[in-house]
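Take a look at the structure below.
Note that the coordinates shown come from a computational prediction; the quantities given were computed from them, not determined experimentally.
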Amino acid sequence: QAQHLLAVWMFLSRRLRAMPISAIVADMFGAPEVLQLRPVELPAVKPNQVRVKMEAAGVNPSDTYLRLGMEGPYAAVPHLLPQLPWTPGKDGAGTVEALGEEV
């Protein structure tokens with residue numbers, strides 16, 4: 001029975017990895033209109049990373065400030081601005097889906 005469960009799990013995990021996902025992405029800094037919902041590919045998990053399948057996510061005021069780029073409060077510390085393209089939202093809860101080999 002354990003082998004059967006492992007085979008089912010492997011089949012399902014391959015299917016889930018192949019499913020398209022969507023993310024809110026900003027290709028430039030600016031007004032809320034720079035945010036676009038679009039399909040994205042999941043990058044491979046790096047050795048020191050964890051992939052979490054998000055069940056709930058939140059966006060904080062700091063994400064709004066980051067979205068503004070050099071026009072917002074982060075103008076004083078531009079080295080803290082994210083690289084573009086950028087997906088806002090650092091708060092969330094979900095299930096661990098993959099572990100890097102060093103985690």
Side-chain angles (χ1 to χ4, degrees):
Q1 184 178 12
Q3 287 179 331
H4 175 72
L5 290 175
L6 179 60
V8 169
W9 180 83
M10 289 175 64
F11 171 78
L12 290 175
S13 66
R14 279 195 298 269
R15 294 280 306 236
L16 290 173
R17 274 183 266 147
M19 290 177 67
I21 64 164
S22 296
I24 295 175
V25 180
D27 289 314
M28 64 179 95
F29 297 113
E33 293 77 21
V34 303
L35 301 173
Q36 299 177 341
L37 179 64
R38 66 177 190 225
V40 296
E41 271 193 47
L42 286 176
V45 177
K46 294 179 182 174
N48 62 342
Q49 293 181 333
V50 174
R51 175 176 294 144
V52 176
K53 180 180 179 190
M54 300 303 285
E55 304 294 335
V59 178
N60 283 315
S62 63
D63 293 307
T64 300
Y65 303 144
L66 288 170
R67 177 187 43 78
L68 293 170
M70 292 299 287
E71 301 299 318
Y74 280 88
V77 284
H79 63 282
L80 296 179
L81 289 172
Q83 287 187 335
L84 298 173
W86 170 69
T87 298
K90 302 291 183 243
D91 294 340
T95 305
V96 173
E97 192 174 63
L99 292 173
E101 56 201 37
E102 295 177 9
V103 176

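- A distance of 4.5 Å separates OH of Tyr74 from CG of Leu66, quoted to the nearest 0.5 Å.
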Could you go through the side-chain contact (heavy atoms from CB on, under 4.5 Å) check for Leu81 and Met70 one step at a time? CA-CA 8 Å; Leu81 289 172; Met70 292 299 287; 3.8 Å; yes
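- In this structure a side-chain-to-backbone donor-acceptor pair under 3.5 Å is present from Thr87 to Ile24.
- The structure places OG of Ser62 at 11.5 Å from CG of Leu80, a figure rounded to the nearest 0.5 Å.
- Listed by first and then second residue, the salt bridge (charged side-chain N to carboxylate O under 4.0 Å, His left out) pairs involving residues 27-50 are Asp27-Arg38 (not counting sequence neighbours).
- Between Val45 and Ala98, the shortest heavy-atom contact is CG2-CB, 3.8 Å.
- Tyr65 is not listed as a side-chain neighbour of Asn60, based on a closest heavy-atom distance of 4.5 Å or more.
- Of the inter-residue distances, the one linking Leu84 atom CG with Met28 atom CE reads 9.0 Å to the nearest 0.5 angstrom.
- Listed for the Arg51 side chain is no donor-acceptor partner under 3.5 Å among the backbone atoms of Leu99.
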May I have the step-by-step check of side-chain contact (heavy atoms from CB on, under 4.5 Å) for Val40 and Ile21, ending in yes or no? CA-CA 6 Å; Val40 296; Ile21 64 164; 3.7 Å; yes
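- No continuous path of hydrophobic side-chain contacts links Leu37 to Leu42 [ILVMFWY only; heavy atoms under 4.5 Å].
- Scanning all heavy atoms of the two residues, the minimum distance from Leu35 to Ala26 falls at CD2-CB, 3.9 Å.
- Here the side chain of Asp63 pairs a donor or acceptor atom with the backbone of Gly89 at under 3.5 angstrom.
- Taking each heavy atom of Glu55 and Thr95 in turn, the nearest pair found is OE2-OG1, 4.3 Å.
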